[in-house]
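Quick note: numbers below take in every heavy atom, side chains included, and nothing from hydrogens, waters or symmetry partners. Whatever order the structure lists ligands and atoms in, that order sets their numbers, starting from 1.
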Amino acid sequence: MKIINSISHMRKQVLLWRQERLSIAMVPTMGFFHDGHLSLMRTAGNKADRVVVSLFVNPAQFGPNEDLNRYPRDLERDAKLAEDTGVSCLFYPDVKDIYPPGFQTWIRVDGLSQGLCGTSRPEHFRGVATIVAKLFIIVRPDMAIFGQKDFQQLQVIRRMVMDLNIPVNIIAHPIVREPDGLALSSRNTYLNMKERESALSLFQALQIAEKMVASGNISVPEIIRAVKKHIQSFSNTKIDYVFLGHPESLRPCREIVGEALLALAVWVGKTRLIDNTLLKQQANQAHQIDKSKGSEI
Ligand code: PAF
C-alpha cells in the first residue's frame, strides 16, 4: 500500500493508474478506523481496480466548541488496518495544504444542509461538501463509498455531485453495527461503560419505531413520541433531534407513506451520536389507505 501525504504526489499516482486504464474507488474518512470503515474499503475493493482511502480530520466541519482537538487519531494503526484490507493508497494530506493561507472558497448545499444535524451544526455540511469536492478534484475517483449512518451527509454529497456535474458515482453503504445494535462510530471510543449502555437507546428506539410501522401505526407524532420516551428513559441522554420525513428532500412528514427516514441525534454524556433507519409502510397498509380514499392501486 502506498502512503501519500502530498497533493501533487497523489495526482501523479492517479495519472499513472489512469494511463493503465484502471478504475478508482475512493473512501473518504477522518481515520481511527473501525469495522464500518473497513467494510466500506472492502466494498470499494470489490468494485474498482484501485482503492484510495483519504484520512483527513477536517477542521472545517467542526464547530468552535466541538471535538476537533480530541478526535481520535492513530495513523500507524490506521495504515496497518487499511493495508490488511487491501487498500492501494492511503492519502493523508496536511491541513495547511488543503486550506492554504487565504483560503476562501466554500461549497454550500443550501436546503439539504439545513435541519437535522444542520440545526445544531450550522457550518458542518459546508465543511463536508468543500472537503469532499476537493478530494474528488485531487483523486478523480470513478466512485466513492459513504456510510448510510450519516444519512444527511450522503444526501448532501449526492446533491453536490449532481449540481456541480462531478463525474463520481456515489455509493451508499448500509450501517455497520456492533452485535447488540450500536452503530459503529469513531466517537464510540469516548463512551464509558454506563454511557455505552445508554448509547444503545438509539438503536432500540429505531426498532420500536420499526415495530410500530409493521403493526400498522403510520402516525409520525405517535412514533416520534415513542422514540423520545424510550431514549429519555436512559440515564445521561439528551435528545438533539428526532426527525421523521422524506428520505430525499429531508422534509418532515405527518404520516408515513411509502418510505420515510427516521433519523436521531442524541447526546450521551458529552458524546453526540447519530443513527437512522428507513421505515417502510407495508404494502397492505398502502392498499388500505388508497382504498379509504376511494381508489385501488
Ligand atoms: O464521514 C466522514 O468521516 C467525514 O464527514 C468525511 C466524509 C470524510 C468528510 O470529512
Side-chain angles (χ1 to χ4, degrees), residues 4 7 10 25-41 43-44 51-63 66-75 77-78 81-82 85 87 89-95 97-99 103 105-109 112-113 116-118 120-139 141 143-161 164 166 168-177 183-190 263 265 271-276:
I4 297 181
I7 293 175
M10 187 68 243
M26 176 162 205
V27 181
T29 81
M30 298 207 300
F32 212 70
F33 299 150
H34 49 64
D35 277 347
H37 293 114
L38 304 184
S39 186
L40 302 183
M41 295 173 202
T43 299
V51 175
V52 177
V53 172
S54 63
L55 193 170
F56 182 68
V57 182
N58 176 30
Q61 68 187 74
F62 289 79
E66 293 183 359
D67 57 342
L68 173 63
N69 290 333
R70 71 173 185 135
Y71 197 83
R73 294 161 166 90
D74 192 339
L75 179 61
R77 172 184 167 275
D78 282 349
L81 285 169
T85 311
V87 167
C89 169
L90 185 68
F91 176 47
Y92 74 104
D94 287 340
V95 174
D97 296 331
I98 292 289
Y99 299 113
F103 184 89
T105 306
W106 297 100
I107 295 181
R108 307 189 73 98
V109 179
L112 287 172
S113 299
L116 290 87
C117 291
S120 60
R121 309 185 76 190
E123 301 297 353
H124 173 70
F125 291 110
R126 180 186 82 150
V128 170
T130 304
I131 187 62
V132 171
K134 285 186 66 112
L135 291 169
F136 285 175
I137 290 167
I138 296 165
V139 176
M143 66 196 85
I145 327 286
F146 291 89
Q148 219 161 306
K149 182 167 76 71
D150 294 281
F151 199 93
Q152 188 175 13
Q153 166 172 287
L154 181 64
Q155 298 303 49
V156 164
I157 291 165
R158 279 185 170 142
R159 190 71 247 174
M160 177 186 77
V161 299
L164 298 181
I166 301 177
V168 178
N169 182 14
I170 303 299
I171 296 167
H173 189 286
I175 298 175
V176 182
R177 298 181 179 281
L184 296 189
S185 161
S186 303
R187 290 190 167 100
N188 290 351
T189 53
Y190 298 154
T271 307
R272 186 175 174 280
L273 299 176
I274 55 172
D275 204 343
N276 69 76

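Residues S39 and H173 bring a donor and an acceptor atom of their side chains to less than 3.5 Å of each other. For the residue pair D94 / Y99, no side-chain donor-acceptor distance below 3.5 Å is found, with atom types taken as modelled.
Close approach of ligand 1 to I131 (heavy-atom distance below 4.0 Å) involves ligand atoms 9 (C), 10 (O). Atom numbering of ligand 1 starts at 1 in the shown order; those under 4.0 Å from a heavy atom of P28 are 8 (C). Within the listing of ligand 1, atoms 1 (O), 2 (C), 4 (C), 5 (O), 7 (C) sit less than 4.0 angstrom from a heavy atom of Q153.
Minimum interatomic distance between V168 and P141 (heavy atoms only, all atoms of both residues): CG2-O, 3.4 Å.
Of all the heavy atoms of T29, the ones lying under 4.0 Å from any atom of ligand 1 belong exclusively to the backbone.
Under the 4.5 Å side-chain criterion, counting only non-hydrogen atoms from C-beta, Y190 is in contact with D67.
Protein heavy atom nearest atom 9 (C) of ligand 1, with residue, atom name and distance: Q61 OE1, 3.3 Å.
Atoms CG and CZ, from D35 and R177 in turn, are 14.0 Å apart once rounded to the nearest 0.5 Å.
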